[in-house]
Amino acid sequence: MNRKELADTLPQADRAGVFSLPAGDVKAIVEAATARKFAVFRVSLAGCTGATEVLTRFQEMLAFPDWFGGNWA
């Protein structure tokens, strides 16, 4: 997905989902998202060894409320 395709896709709710993009496209992703006033969060998962640690990092970086259950449900 190139920069124009990404920029065209972001405002389309019916095209929401998970996209696999090369790591080198991070700058383009952030630029396209912020241009549309989307919140952008970068969460490093380096060194994570399991789901619990992944969820903990999401909770910390995304400021989840204290009542967050730390699970995928």
Side-chain angles (χ1 to χ4, degrees):
M1 179 176 289
N2 65 38
R3 183 178 295 197
K4 179 165 180 1
E5 290 170 327
L6 177 63
D8 291 344
T9 299
L10 286 175
Q12 299 174 33
D14 62 325
R15 297 215 37 219
V18 176
F19 298 92
S20 178
L21 301 170
D25 285 348
V26 171
K27 182 177 178 186
I29 295 166
V30 171
E31 288 174 358
T34 55
R36 284 165 176 74
K37 300 186 183 343
F38 291 175
V40 176
F41 299 91
R42 294 188 68 181
V43 180
S44 173
L45 302 179
C48 283
T49 58
T52 300
E53 192 168 1
V54 169
L55 290 169
T56 298
R57 291 191 191 188
F58 285 160
Q59 181 178 14
E60 292 169 354
M61 294 302 296
L62 301 175
F64 288 178
D66 291 336
W67 50 262
F68 171 65
N71 56 53
W72 297 107

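These numbers were taken from a predicted model, which means no experiment stands behind them. Along the sequence shown, residues are numbered consecutively beginning with 1.
Judged as a side-chain hydrogen bond (donor to acceptor under 3.5 Å, both in side chains), the pairs with a partner in residues 27-36 (not counting sequence neighbours) are, in order, Arg3-Glu31. Applying the side-chain hydrogen bond (donor to acceptor under 3.5 Å, both in side chains) test to every pair with at least one member in residues 64-73, sequence neighbours left out, gives no pairs at all.
Phe41 and Phe64 end up in the same hydrophobic cluster when Ile, Leu, Val, Met, Phe, Trp and Tyr side chains are linked at under 4.5 Å.
By the ring-ring contact (aromatic ring centres under 6.0 Å, His included) test, Phe58 is found to be paired with no residue, residues two or more places apart in sequence or in another chain being considered. Take Gln59 and apply the side-chain hydrogen bond (donor to acceptor under 3.5 Å, both in side chains) test, not counting sequence neighbours, and it matches no residue. With sequence neighbours left out, Phe38 forms a ring-ring contact (aromatic ring centres under 6.0 Å, His included) with no residue at all.
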Listed pairs under 3.5 Å, donor-acceptor, residues 48-57 side chains, sequence neighbours left out:
from	atom 1	to	atom 2	distance (Å)
Thr49	OG1	Glu53	OE1	3.4
Glu53	OE1	Thr49	N	3.3
Glu53	OE2	Arg57	NH2	3.1
Thr56	OG1	Thr52	O	2.9
Arg57	NH1	Ser44	O	2.8
Arg57	NH1	Ala46	O	2.8
Arg57	NH2	Ala46	O	3.0

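Cluster partners of Val26 are Val30, Val40, counting Ile, Leu, Val, Met, Phe, Trp and Tyr whose side-chain heavy atoms approach within less than 4.5 Å, directly or via other members.
Nearest heavy atoms, Met61 versus Arg42: CE-O, 3.6 Å.
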